[in-house]
Amino acid sequence: MTTPEWLKPGIYGALLGAAFVGIVGFSWGGWVTGSNAEKMASEMAEDRVIAALVPFCLDMSRTDVERTAKLETIREATSFRRRDAVMDSGWATMPGSEGPNRELAQACIEGLDLDAS
């Protein structure tokens, strides 16, 4: 089948326009693929869950009978070892979970305000 000569510029324009819209949409328009959207949603949900569990971690630290000793151990730890110290204290372990959560431990450190008097 032959394409009429007057139709070719319209076809080329439509193809170039579609390519342009796709490039602009994905780079500046905020368009994302389905897998990228799922990844972003999963990360956002995990961040929200951690934020919701921080009060639980802080409450566990307040009610712990060995609070002062554990806080002193956490304060003495270097800044990059504090998360491990919180995880060892048990404050970042949720009931029913197998072990402590690293992200929760980091968020709990920020909530503990360790540098305050």
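Quick caveat, the model's predicted, so the values are computed rather than measured. If you read the sequence from its start, that first residue is 1, and numbering goes on from there.
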Looking only at heavy atoms, which two atoms of [X] and [Y] are closest? And how far apart?
X: C57; Y: L104; result: CB-CD1, 4.3 Å
X: L112; Y: S61; result: CD2-OG, 3.5 Å
X: P55; Y: A51; result: CD-O, 3.6 Å
X: V32; Y: A37; result: CG2-CB, 3.9 Å
X: S27; Y: I23; result: OG-O, 2.7 Å
X: R75; Y: R82; result: O-NH2, 3.4 Å

Worksheet item: Should N101 and I50 be marked as a side chain to side chain contact (heavy atoms under 4.5 Å, CB included) after you check the CA-CA gap, both sets of side-chain angles, and the distance that decides it?
Response: CA-CA 9 Å; N101 185 303; I50 295 299; 3.7 Å; yes

Gap between atom [atom2] of [Y] and atom [atom1] of [X] - 0.5 Å precision:
X: L58; Y: T63; atom1: CG; atom2: OG1; answer: 10.5 Å
X: N36; Y: T33; atom1: CG; atom2: OG1; answer: 4.5 Å
X: T2; Y: L7; atom1: OG1; atom2: CG; answer: 10.5 Å
X: E103; Y: E46; atom1: CD; atom2: CD; answer: 5.0 Å
X: L71; Y: E76; atom1: CG; atom2: CD; answer: 11.0 Å
X: L53; Y: M60; atom1: CG; atom2: CE; answer: 11.0 Å

Using the rule that Ile, Leu, Val, Met, Phe, Trp and Tyr join whenever any side-chain heavy atoms are under 4.5 Å apart, tell me whether [X] and [Y] fall into a single cluster.
X: L15; Y: W6; answer: yes
X: F80; Y: I109; answer: no
X: M40; Y: V49; answer: no

Item to complete: For the pair R67 and D64, find out whether any cationic side-chain nitrogen is under 4.0 Å from an anionic carboxylate oxygen.
Response: no

Worksheet entry | D88 with K70: basic N within carboxylate O range, under 4.0 Å | no

Worksheet item: For R48, does the CZ atom have more than 12 heavy-atom neighbours from other residues, nucleotides or ligands under 6.0 Å away?
Response: no

Discussion item. Enumerate the ring pair (Phe, Tyr, Trp, His ring centres under 6.0 Å) contacts for residues 31-60, please, sequence neighbours excluded, ordered by first and then second residue.
Written reply: F26-W31

Fill in: Sub-4.5 Å side-chain heavy-atom contact between D47 and M44
no

Practice prompt. Kindly say whether T93 contributes a backbone atom to a donor-acceptor pair with the side chain of S97 at under 3.5 angstrom?
Written response: no

